[in-house]
Amino acid sequence: MTGQPGKSDSASFQSGELLPLSFYAVSALEAAPRLLGQVLVRETAEGTIRCRIVETESYGGIEDKGSHAYGGRRTARTEIMFGEGGAAYIYLIYGMYHCLNVVTGPPDDPQAVLIRAVEPLTPGDEALMRARRGSRARRPVDLSGGPGKLCRALEIDKSLNGALLHRSDSPLRLEAGWPGPGRAPAAAPGGEAAPPPAVIAAPRINIAYAAEYADLPWRFYYRDNPYVSVIDKERGVPY
DNA sequence: TTCGGGATTATCT
DNA sequence: GATAATCCCGAAC
């Protein structure tokens with residue numbers, strides 16, 4: 001473990017396999033950059049949608065003034081964050097949009113990672129997402145670049161709150177991705193895998209109320225990825 | 001292309 | 001009663 005959580009000693013997993021429960025047994029600050037590149041799987045009536053996570057935000061525990069669990073606030077809404085890592089925490093924001101989070105850490109230590117942007121893996125996945133976004137989804141960022149938008153595209157609402165992301169029978173789960181950009185495994189058999197895209201760390205979005213926690217670089221995204229919601233050219237730094 | 005304001009309701013004070 | 005981990009559309013430049 002180094003001073004830069006998640007940068008070192010991150011385990012690699014077999015592409016396409018479910019991420020094991022142990023993947024979630026770390027702090028949100030460690031998990032947030034590690035979640036980049038992993039694959040979110042959503043089962044809908046129309047079919048299975050797979051998409052790669054390309055932007056995340058860490059909400060780390062009771063001392064983080066940006067977190068719903070700040071000060072240990074344990075309510076019906078935040079209850080799932082107080083459970084074991086591996087569950088989905090989903091809430092309604094501004095009366096009309098849902099946000100998806102991945103709970104991390106041990107029980108009674110409320111931490112979560114907000115999923116802010118995803119990209120479809122295949123044209124088939126994109127078509128299923130586009131069907132829910134309609135004509136609004138002109139550019140990639142309009143399809144699923146933003147926490148509310150990706151929940152719309154993936155038909156995610158509070159009925160999925162508490163879904164266990166490590167279980168194969170869950171309608172919402174997480175599989176190991178593959179390193180490198182693109183929409184297919186980068187390495188040919190016996191070939192060398194492409195290096196993963198560069199990661200940028202930048203301040204989180206729309207949490208001015210979080211005071212001294214508002215400017216911490218706890219948002220992570222792939223540089224140059226067209227699905228990322230906000231490119232921070234001023235404060236974004238290589239991770 | 002950028003900017004400003006309205007939408008809409010669960011949640012907490 | 002006020003607020004919110006946001007999005008969308010129309011107006012203006």
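Quick note on labels: first sequence line is chain A, next is B, and so on, each numbered from 1.
Between A:Arg138 and B:dT1 there is no side-chain polar atom (N or O) within less than 4.0 angstrom of OP1 or OP2. The shortest distance between the side-chain N/O atoms of A:Arg136 and the OP1/OP2 oxygens of C:dC8 is below 4.0 Å. At C:dA5, none of the side-chain N or O atoms of A:Tyr89 fall inside 4.0 Å of OP1 or OP2 (strictly under the cut-off). Of the side-chain N and O atoms in A:Asn206, none sit less than 4.0 angstrom from OP1 or OP2 of C:dA5. In this model, the phosphate group of C:dT6 is approached by a side-chain N or O of A:Arg116 to a distance below 4.0 Å at OP1 or OP2.
One atom, NZ of A:Lys65, and another, P of B:dC12, lie 20 Å apart when rounded to the nearest Å. Taking atom CD1 on A:Ile207 and atom C1' on C:dT3, their separation rounds to 16 Å, with Å as the unit. Separating the CD1 atom of A:Ile90 from the P atom of C:dT6 is a distance of 16 Å, rounded to the nearest angstrom. Distance CG (A:Leu150) to C1' (C:dA5): 12 Å, rounded to an integer number of Å. Protein atom CD1 of A:Ile93 is 18 Å distant from nucleotide atom P of C:dA2, rounded to whole Å. Summarising the geometry, the separation between CG on A:Leu92 and C1' on C:dT6 is reported as 10 Å, rounded to the nearest angstrom. Atom-to-atom, CH2 of A:Trp218 to P of C:dA5 comes out at 15 Å; the value is rounded to the nearest Å. A:Tyr70 places its OH atom 17 Å from the C1' atom of C:dA4, with the value rounded to the nearest Å.
A:Met81 contributes atom CE, which lies 4.5 Å from atom OH of A:Tyr89 (distance to the nearest 0.5 angstrom).
Residue-level contact check: A:Arg133 touches the backbone only, with heavy atoms under 4.0 Å from sugar-phosphate atoms and none from bases. Here A:Gly66 lies in heavy-atom contact (under 4.0 Å) with a base. As judged by a 4.0 angstrom heavy-atom cut-off over every strand, A:Gly148 is placed among residues touching the sugar-phosphate backbone only.
Among B:dC12, C:dA5, B:dA10, the nucleotide with an atom closest to any side-chain atom of A:Arg73 is B:dC12. Here B:dT11 is the nucleotide among C:dC8, B:dT11, C:dA5 with the atom lying nearest to any side-chain atom of A:Thr75. Taking every side-chain heavy atom of A:Lys149 into account, C:dC8 is the closest of B:dT9, C:dC8, C:dT6.
C:dT3 and B:dA10 make up a base pair, with Watson-Crick or G-U wobble contacts both under 3.5 Å.
For A:Tyr59 and C:dA5, the ring-to-base geometry satisfies the stacking test (centroid distance below 5.5 Å, interplanar angle below 30°).
Looking at A:Gln38 and A:Arg52, their side chains never come closer than 4.5 Å, going by heavy atoms from C-beta outward. Side-chain contact between A:Lys149 and A:Tyr97: absent, with no pair of heavy atoms (C-beta onward) separated by less than 4.5 Å. Within the 4.5 Å cutoff, the side chain of A:Leu114 has heavy atoms near those of the A:Pro147 side chain.
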>> Between A:Leu174 and A:Ile53, is the side chain to side chain contact (heavy atoms under 4.5 Å, CB included) condition met? List the steps.
In response: CA-CA 10 Å; A:Leu174 276 174; A:Ile53 297 171; 3.8 Å; yes

>> Run A:Arg42 and A:Asp125 through salt bridge (Lys or Arg N to Asp or Glu O under 4.0 Å) and show every step you take.
In response: CA-CA 10 Å; A:Arg42 171 76 175 114; A:Asp125 295 311; over 6 Å; no

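The base of B:dA7 does not come close enough to the side chain of A:Tyr94 for any donor and acceptor atom to sit less than 3.5 Å apart.
Each of A:Tyr97 and A:Lys158 has a nearest nucleotide on DNA chain B; the 5'-most of these lies closest to A:Tyr97.
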